[in-house]
Amino acid sequence: FSLSPLMAPLPDVTRAFLSPVNPGLYPLLSFLLLAVGVSLMAWFFVYEVTHGKFNRCAAKEAVIASCASLLLGFGSLFLMLAAGVYVQDVRIRMSLKKTKKKK
């Protein structure tokens, strides 16, 4: 019995998925990435405030902002993984709702 084709039983030849990052490192990674990302964000804000309008370098701004954005994004991802928040596919949720309505 399967709820939908997406949730059909897996063949015997499939292997278990192993994460490339040890789940025990999620809290440490989230702390480090968020700390460095917030530091870069603060540096960006200080740079914007202290330099005059015509003394700024657009390339430097873009590099600092994009690095901070990437680090904060991945830090947030590892923080959610460390807290046990996982993404569920919308199609699976919809199929589960349909089967509950049929009962």
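If you read the sequence from its start, that first residue is 1, and numbering goes on from there.
The hydrophobic cluster containing L40 also contains F45, counting ILVMFWY residues as joined when their side-chain heavy atoms lie under 4.5 angstrom apart, directly or transitively. L79 and M41 fall within the same hydrophobic cluster, defined by Ile, Leu, Val, Met, Phe, Trp and Tyr side-chain heavy atoms under 4.5 Å apart, directly or through other members.
Atom CH2 of W43 is separated from atom CD1 of I64 by 4.0 Å, given to the nearest 0.5 angstrom. Interatomic distance, SG of C67 versus CZ of F44, reported as 12.0 Å (0.5 Å rounding).
Applying the ring-ring contact (aromatic ring centres under 6.0 Å, His included) criterion to Y26, with sequence neighbours excluded, gives F78. Qualifying side-chain contact (heavy atoms from CB on, under 4.5 Å) partners for L32, counting only residues two or more places apart in sequence or in other chains: L28. Residues meeting the side-chain hydrogen bond (donor to acceptor under 3.5 Å, both in side chains) test with E61, sequence neighbours left out: none.
Among all heavy-atom pairs drawn from G37 and A68, the shortest one is O-CB, 3.8 Å. Annotation for P27 and A82: closest pair N-CB, 3.9 Å, computed over non-hydrogen atoms.
Side-chain contact between P23 and L81: absent, with no pair of heavy atoms (C-beta onward) separated by less than 4.5 Å. Looking at heavy atoms from C-beta onward, L29 lies in side-chain contact with V21 at the 4.5 angstrom threshold.
Without hydrogens or angle criteria, S69 side chain to A65 main chain gives no donor-acceptor distance under 3.5 Å.
If you run side-chain contact (heavy atoms from CB on, under 4.5 Å) between F74 and each of L70, L72, L71, only L70 comes through.
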